[in-house]
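Side-chain atoms are counted along with the backbone in the values below, which use heavy atoms only and exclude waters and symmetry mates.
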Amino acid sequence: MKPFGSYVFFKFIFFGFLISLAGCTANTEEAKMQRFLIRGNEKLRDGDVKTALQFYSEALLIDSCYVDALNNKGIALVNSGKVYEAIYEYDLAVTCDGDRHDVVFNRFNALFEANELFRALDDLRYLERFYPDTLIVHFGKGLVLTRMRRYNEALVALKGAREIAPDNAEILVNQGTLMYYTGQYTAARKFLQEALSLNPLEANAYNTLSMIAIEEGDLDKSLDQIQMGMDLKPSDPYLINNRGYIRILQGDFKGAESDINLAIRRDPRNGWAYRNKGLLYLREDKTKESLRLLEQAVKLDPYMDRIYLYLAEAYHQLGRADEACKAWRKFQEMEPDRAARINLNFC
């Protein structure tokens, strides 16, 4: 689970491994492509992404529509954090062969990471025609729809996933997170405690329990919950970032900055860490630096909780009234219940 407002997510990766080279002579173009593919796969398994990419590219020089190489090149790019480049390779692969569902699954995964949510949902709807009773489809729809704040539809999708895999702790965590978003804290705790009974090592359950404690005004309990998650996953950048957020709310700005900087070093594409650092600078009256970070955060993930509220505050402090009002309206649109509880108006 990513920091406050994000989701547990499986990584669905499909390698196009060759089963056999039977029927190919050593000098055919097909055999050369297959050898490059196999060598790329071996390097990718060994963690040598750079060399794997070179081998896949060699195969594609022979046949630019070699779908196995395009697919695995996409996988390698995702592993190296180049998600948009991966999507490009998956798009090429689907253009070459629209019946390769493994590629569509991988593209969906990459689109979700890139917050290309409408395209991700399109891929899932396509896949649902062929795999209507598959966990990946239902769970994936639940995650996408939750991030899009289409909570009723997300609830149906996650319920479908739960029917397929009733003992899956990750589904329960996401159901609990969805209940948290809709303000149903008692139901959220029920799902989260059930998840922990199935898997006591489910650190993400503590993450959402921590969020609930924040909403209820108990920052000490929130810190205790996030620390329990960190005891299970001490190097997780998202949990570290969340602890930084709690420390901002507690007024421990030095401790918060240390946590958030560490989180950014461990995952430079984590928009939530930039959001939190922007909030930290906002509270320290470093408004210009704050705005730069908040604008960077929203480019990485425009669906984050409170991001437009913090942007509205930063624009207001800098005297940019029109932009402050626009950000405030966006916050009201995305989080109407939360906005109604806040005694502010930047318009």
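Counted by atom type alone, Glu30 and Thr28 present zero donor-acceptor pairs between their side chains at under 3.5 Å. Looking at Asn204 and Glu202, their side chains do bring a donor and an acceptor atom within 3.5 Å of each other. Side-chain contact annotation: Arg149 with Tyr151, donor-acceptor N/O pair under 3.5 Å present. With 3.5 Å as the limit, one finds a donor-acceptor pair spanning the side chains of Asn115 and Arg147.
When side chains are defined from C-beta on, Asp123 does not count as touching Phe105, because their heavy atoms never get closer than 4.5 Å. Looking only at side-chain heavy atoms (C-beta outward), Gln250 and Asp220 come within less than 4.5 Å of each other. Side chains of Tyr66 and Asp68 form a contact here, defined as non-hydrogen atoms less than 4.5 Å apart. Residues Ile260 and Ile248 meet the side-chain proximity criterion, which asks for heavy atoms closer than 4.5 Å. Residues Tyr181 and Asp305 form a side-chain contact, since some pair of their non-hydrogen atoms from C-beta on lies under 4.5 Å apart. Taking 4.5 Å as the limit, some side-chain heavy atom of Met211 sits within range of a side-chain heavy atom of Asn207. Counting only heavy atoms from C-beta outward, the side chains of Asp224 and Gln227 never approach each other to under 4.5 Å. Side-chain atoms of Leu158 and Phe139, non-hydrogen and from C-beta on, do get closer than 4.5 Å to each other.
Atom CD of Gln175 sits about 4.5 Å away from atom CZ of Phe191, to the nearest 0.5 Å.
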Set out, in order, the CA-CA distance, both residues' side-chain angles and the distance that settles salt bridge (Lys or Arg N to Asp or Glu O under 4.0 Å) for Lys141 and Glu128, then state yes or no. CA-CA 10 Å; Lys141 282 177 67 178; Glu128 191 172 18; 3.2 Å; yes
Using the rule given for side-chain contact (heavy atoms from CB on, under 4.5 Å), can you reason through Phe55 versus Leu37, listing the C-alpha separation, both sets of side-chain angles and the distance that settles it, and then say yes or no? CA-CA 7 Å; Phe55 282 127; Leu37 181 71; over 6 Å; no
Evaluate Trp328 against His316 for side-chain contact (heavy atoms from CB on, under 4.5 Å), listing each step before the verdict. CA-CA 10 Å; Trp328 174 253; His316 175 74; over 6 Å; no
Salt bridge (Lys or Arg N to Asp or Glu O under 4.0 Å) for Lys286 and Glu289? Distances and angles first, verdict last. CA-CA 6 Å; Lys286 301 175 183 177; Glu289 296 93 329; over 6 Å; no
Test side-chain contact (heavy atoms from CB on, under 4.5 Å) applied to Phe108 and Val144, step by step: CA-CA 10 Å; Phe108 154 69; Val144 173; 3.7 Å; yes
Would Glu323 and Lys326 count as a salt bridge (Lys or Arg N to Asp or Glu O under 4.0 Å) if you check the C-alpha gap in whole Å, the side-chain angles of each, and the deciding distance to 0.1 Å? CA-CA 5 Å; Glu323 289 163 292; Lys326 184 177 178 180; over 6 Å; no
Is there a side-chain hydrogen bond (donor to acceptor under 3.5 Å, both in side chains) between Asn270 and Tyr238 once you walk through the steps? CA-CA 8 Å; Asn270 178 4; Tyr238 305 121; 5.5 Å; no
Under the criterion side-chain contact (heavy atoms from CB on, under 4.5 Å), I'd like the reasoning laid out for Asn168 against Arg162: C-alpha separation, chi angles, the key distance, then a yes or no. CA-CA 7 Å; Asn168 186 302; Arg162 182 82 187 281; over 6 Å; no
Run the numbers on Glu42 and Arg35 for salt bridge (Lys or Arg N to Asp or Glu O under 4.0 Å), then give the verdict. CA-CA 11 Å; Glu42 290 171 348; Arg35 284 197 295 271; over 6 Å; no
Decide yes or no on side-chain hydrogen bond (donor to acceptor under 3.5 Å, both in side chains) for Asn276 and Asn241, but give the supporting numbers first. CA-CA 8 Å; Asn276 289 348; Asn241 179 54; 3.1 Å; yes
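Shown here is Asp46, whose CG atom has more than 12 heavy atoms of other residues, nucleotides or ligands within 6.0 Å. Applying the 6.0 Å contact sphere to OH of Tyr88 captures no more than 12 heavy atoms from other residues, nucleotides or ligands. By the 6.0 Å contact criterion, CG on Asn345 is enclosed, its count of non-hydrogen atoms from other residues, nucleotides or ligands being greater than 12.
The residues Glu153 and Lys159 are annotated as not salt-bridged, no charged nitrogen and carboxylate oxygen being separated by less than 4.0 angstrom. A salt bridge links Arg189 with Glu216: at least one charged nitrogen is closer than 4.0 Å to a carboxylate oxygen.
Scanning both residues, Tyr185 and Glu215, for their nearest heavy atoms gives OH-CB, 3.3 Å. Contact between Gly81 and Arg269 at its shortest, heavy atoms only, is O-CD, 3.8 Å. Closest non-hydrogen pair, Met304 versus Val298, comes out as CE-N, 4.2 Å. Considering all non-hydrogen atoms of both residues, Ala203 and Leu239 come closest at CB-CD1, 4.1 Å. Between Pro237 and Arg266 the shortest heavy-atom distance is CB-CB, 3.8 Å. Pairing each heavy atom of Ala327 with each of Tyr308, the nearest pair is O-CB, 3.4 Å.
Follow the hydrophobic side-chain contacts under 4.5 Å out from Leu124 and you never reach Leu111; the two are in separate clusters. In the hydrophobic cluster analysis, where Ile, Leu, Val, Met, Phe, Trp and Tyr join through side-chain heavy atoms closer than 4.5 angstrom, Phe118 is grouped apart from Val83. At a threshold of 4.5 Å between side-chain heavy atoms, the hydrophobic network of Ile, Leu, Val, Met, Phe, Trp and Tyr places Leu135 and Leu143 in one connected group.
A donor-acceptor pair is defined here as one N or O able to donate and one able to accept, closer than 3.5 Å; no such pair exists between the side chain of Ser210 and the backbone of Tyr206.
Residue Gln332 forms a side chain to side chain donor-acceptor pair (under 3.5 Å) with just one option from Glu335, Lys330, Arg329, and that option is Arg329.
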